[in-house]
Amino acid sequence: KAQSDNGFPLDLLSPYECFYATPAYINPTLISDEVKKLVKWHADFIAKECMFPDGAINQHPKKRREIWIVPYFAHFACLGLLRAYEVLNDKTYLDSAKKWLLWCKSHMNEDGTVYDYIGGWYPNYTCTYDYDSVDSYSALFAYCVWEYYRLTNSKEFLLELLPYLYRSYNILKELFQPDGLTFAKPTFKIKYLMDNSEVFIGLIAYAKIFHEVGEEKKAQEVLKLAEKNLEGIKMMYSEKLKLFVSEVNMIGDKMERFEMWYPEGLAQMLLLHYVAKPSSKKNEEYFMRVYKMSSNLKSPPTDRSADQY
């Protein structure tokens, strides 16, 4: 009901709206040559400078620094490669995205998690036996797989990854709490707006994937979970801030602050990108409010010691 409330600050998508929507594709003819050059430069940097032969995507150029593989960030790089393929129609980027997804398959644990690897030199990875998060990793894995399938219609590849998608989905389900939000990981019981925005779009991807392989009952189960997740996200709105909070702790306390671009500012952007309707005057007004407020936010430090940050 809050979704249709005049007093609620955003017009949010519904899971079923996303599920039944006709897939949208980038029209390359609407993109300038200048922008295409930028897309090519960034996609080449990911595919040529940061990707190892086995498909792993490093956080920084592989020739200059030691291994630093964080699947959370690498999933975004994968999405960038897929967008580059849409814009430039260069199959190199599509193949590179596929290599990353196969790396995830070969490095997925039995419980559906994927570890970070920090230290060492290719091909000798140093495993951390830990992860930045579990909820976002799972959600973004499904989102990348769906986006690859959307562009290739390769049912064979979808079926190859299906057992791993089930593993990944099951660990995501375990992180759900009664309020509809997910903990970042079993050992870190914080509910992040950023993560849950990614969880929402990831659940839509899981539902579409299960539908494509004929698992209709499973697809409907996922959509119901996405509805619950959306209700939890709506509860993260703070009347005090007139914004959504970036995190809620395990006992339900909202962290009502807006001081740093990361995570407070970026969390608003991911919410708008994944969960809010794209054409809405209300959402445009919310974006402008965040934009104006962000001018006073502290930025991350820029010295070398801040690499990990």
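For clarity, every value in this text was computed on a predicted model and none was experimentally measured. FYI, the numbering just counts along the sequence from 1.
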Checklist entry - With the 4.5 Å side-chain cut-off for hydrophobic clustering, are Phe188 and Tyr115 part of the same group? => result no

Next on the checklist: For the CZ atom on Phe45, are there more than 12 heavy atoms of other groups (residues, nucleotides or ligands in this structure) within a distance under 6.0 Å?
Outcome noted: yes

Item to check | Residues Glu285 and Lys281 bridged, charged N to O under 4.0 Å | outcome: yes

Item to check | Gap between atom CD of Glu231 and atom CG of Leu181 - 0.5 Å precision | outcome: 10.5 Å

Checklist entry - Could you give the distance from CG (Leu266) to CG (Leu297), rounded to the nearest 0.5 Å? => result 11.0 Å

Checklist entry - Do the side chains of Leu38 and Tyr85 join up, straight or via other hydrophobic residues, at under 4.5 Å, putting them in one cluster? => result no

Checklist entry - Regarding Glu216 and Gln220, is there a side-chain donor-to-acceptor distance under 3.5 Å anywhere? => result yes

Checklist entry - Is any side-chain heavy atom of Tyr206 less than 4.5 Å from a side-chain heavy atom of Leu223? => result no

Item to check | Working for side-chain contact (heavy atoms from CB on, under 4.5 Å), residues Arg83 and His42 | outcome: CA-CA 11 Å; Arg83 296 290 178 265; His42 285 289; over 6 Å; no

Next on the checklist: Please evaluate residues Phe200 and Tyr274 with respect to the criterion ring-ring contact (aromatic ring centres under 6.0 Å, His included), reporting the C-alpha separation (whole Å), side-chain torsions for both, the decisive distance (0.1 Å), and the verdict.
Outcome noted: CA-CA 8 Å; Phe200 178 80; Tyr274 290 130; 9.1 Å; no

Checklist entry - Could you state the interatomic distance from CG (Leu193) to CG (Leu270), rounded to the nearest 0.5 Å? => result 8.0 Å

Item to check | Basic-acidic side-chain contact under 4.0 Å: Lys37, Glu34 | outcome: no

Item to check | Note, Leu175 side chain near Pro186 side chain (heavy atom, < 4.5 Å) | outcome: yes

Next on the checklist: Check whether His75 reaches the backbone of Tyr143 with its side chain - one donor and one acceptor, N or O, closer than 3.5 Å.
Outcome noted: no

Item to check | CZ on Phe244 to CE on Met235, rounded to 0.5 Å | outcome: 11.0 Å

Checklist entry - Is the backbone N or O of Tyr131 less than 3.5 Å from a side-chain atom of Asp116, with the two atoms forming a donor-acceptor pair by type? => result no

Item to check | Lys254 side-chain N/O to Tyr237 backbone N/O, donor-acceptor pair under 3.5 Å | outcome: yes

Item to check | Test log, rule side-chain contact (heavy atoms from CB on, under 4.5 Å), inputs Val213 and Leu162 | outcome: CA-CA 9 Å; Val213 299; Leu162 191 60; 4.1 Å; yes

Item to check | Nearest atoms (heavy-atom pairs only) where Ile209 meets Ala142 | outcome: CD1-O, 3.8 Å

Next on the checklist: Under the criterion side-chain hydrogen bond (donor to acceptor under 3.5 Å, both in side chains), I'd like the reasoning laid out for Asp130 against Thr128: C-alpha separation, chi angles, the key distance, then a yes or no.
Outcome noted: CA-CA 5 Å; Asp130 198 4; Thr128 65; 5.9 Å; no

Item to check | Tyr169 vs Phe210, ring-ring contact (aromatic ring centres under 6.0 Å, His included): CA-CA, chis, key distance, verdict | outcome: CA-CA 11 Å; Tyr169 171 65; Phe210 292 142; 5.7 Å; yes

Item to check | Nearest non-hydrogen partners of Glu160 and Lys105, listed with the distance | outcome: OE2-NZ, 2.8 Å

Checklist entry - Going by heavy atoms in the side chains, are Leu271 and Leu10 under 4.5 Å from each other? => result yes

Next on the checklist: Just to verify, what does Phe258 make a ring pair (Phe, Tyr, Trp, His ring centres under 6.0 Å) with, not counting sequence neighbours?
Outcome noted: none

Checklist entry - If you measure from the Lys or Arg side-chain nitrogens to the Asp or Glu carboxylate oxygens, is any gap between Lys224 and Glu221 under 4.0 Å? => result no

Next on the checklist: Given 3.5 Å as the limit, does a donor-acceptor pair link the side chain of Arg289 with the main chain of Lys242, or not?
Outcome noted: yes

Item to check | Salt bridge flag under 4.0 Å for residues Glu174 and Lys185 | outcome: no

Next on the checklist: Please give me the minimum heavy-atom distance between Ala207 and Ala219, naming the atom from each residue.
Outcome noted: O-CB, 3.4 Å

Checklist outcome for this item: Here the gap from Leu272 atom CG to Lys277 atom NZ, rounded to the nearest 0.5 Å, amounts to 14.0 Å

Checklist entry - Do Asn58 side-chain atoms and Trp68 backbone N/O form a donor-acceptor pair below 3.5 Å? => result yes

Checklist entry - With a 3.5 Å cut-off and no angle check, do the side chains of Thr113 and Asp111 form a donor-acceptor pair? => result yes

Checklist entry - So which heavy atom on Cys18 is nearest to which on Ile204, and how close? => result CB-CG2, 3.7 Å

Item to check | Test item: Lys98 side-chain N/O and Phe157 main-chain N/O as donor-acceptor pair under 3.5 Å | outcome: no

Item to check | Worked verdict on Lys298 versus Trp261 for side-chain contact (heavy atoms from CB on, under 4.5 Å) | outcome: CA-CA 6 Å; Lys298 298 173 186 175; Trp261 170 247; over 6 Å; no

Next on the checklist: Donor-acceptor pair, distance only, cut-off 3.5 Å: does the side chain of Glu17 make one with the backbone of Ser14?
Outcome noted: yes

Checklist entry - Can you list the steps and then say if Trp146 with Tyr149 is a ring-ring contact (aromatic ring centres under 6.0 Å, His included)? => result CA-CA 5 Å; Trp146 173 255; Tyr149 177 74; 5.5 Å; yes

Checklist entry - Looking only at heavy atoms, what is the nearest atom pair of Val114 and Pro71, with distance? => result CG1-CG, 3.8 Å

Item to check | Same apolar cluster (I L V M F W Y, side chains within < 4.5 Å links), Tyr262/Phe76 | outcome: yes

Next on the checklist: Treating Asn196 as the side-chain partner and Val199 as the backbone partner, does any N or O pair qualify as donor plus acceptor under 3.5 Å?
Outcome noted: no

Checklist outcome for this item: Cys78 and Ile57 have their tightest heavy-atom pair at N-CD1, 4.3 Å

Next on the checklist: Are the side chains of Lys36 and Val87 in contact, using a 4.5 Å heavy-atom criterion?
Outcome noted: yes

Checklist entry - Do the side chain of Tyr137 and the main chain of Asp132 share a donor and acceptor less than 3.5 angstrom apart? => result yes

Checklist entry - Using a distance-only test with no angle check, is there a side-chain donor-acceptor pair under 3.5 angstrom linking Tyr72 and Asp195? => result no

Checklist entry - Do Ser238 and Leu243 come close enough that some side-chain heavy atom pair is under 4.5 Å? => result no

Checklist entry - Going by atom types only, do Tyr192 and Ser133 share a side-chain donor-acceptor pair under 3.5 Å? => result no

Checklist entry - Does a side-chain heavy-atom distance below 4.5 Å link Leu12 with Leu230? => result yes

Checklist entry - With under 30° as parallel and over 60° as perpendicular, where do the rings of Trp103 and Tyr117 fit, or are they tilted in between? => result perpendicular

Checklist entry - Do any N or O atoms from the side chain of Ser138 and from the backbone of Ser168 form a donor-acceptor pair under 3.5 angstrom? => result yes

Checklist outcome for this item: Hits for ring pair (Phe, Tyr, Trp, His ring centres under 6.0 Å) against Phe52, two or more places apart or cross-chain, chain-then-number order -> Tyr122

Next on the checklist: In the structure I gave you, are the side-chain heavy atoms of Cys144 and Leu101 within less than 4.5 Å of one another anywhere?
Outcome noted: yes

Checklist entry - Could you give all pairs that pass the ring-ring contact (aromatic ring centres under 6.0 Å, His included) test and reach residues 14-38, with sequence neighbours left out? => result Phe19-His211

Next on the checklist: Do Gln268 and Tyr286 make a side-chain contact, defined as non-hydrogen atoms from C-beta onward lying under 4.5 Å apart?
Outcome noted: yes

Next on the checklist: Assess, by modelled atom type and distance only, whether the side chains of Tyr93 and Glu86 contain a donor and an acceptor separated by less than 3.5 Å.
Outcome noted: no

Item to check | Identified salt bridge (Lys or Arg N to Asp or Glu O under 4.0 Å) partner of Lys191 from the options Asp179, Asp253, Asp135 | outcome: Asp179

Checklist entry - Roughly how far, to the nearest 0.5 Å, is the SG atom of Cys50 from the CD atom of Gln59? => result 8.5 Å

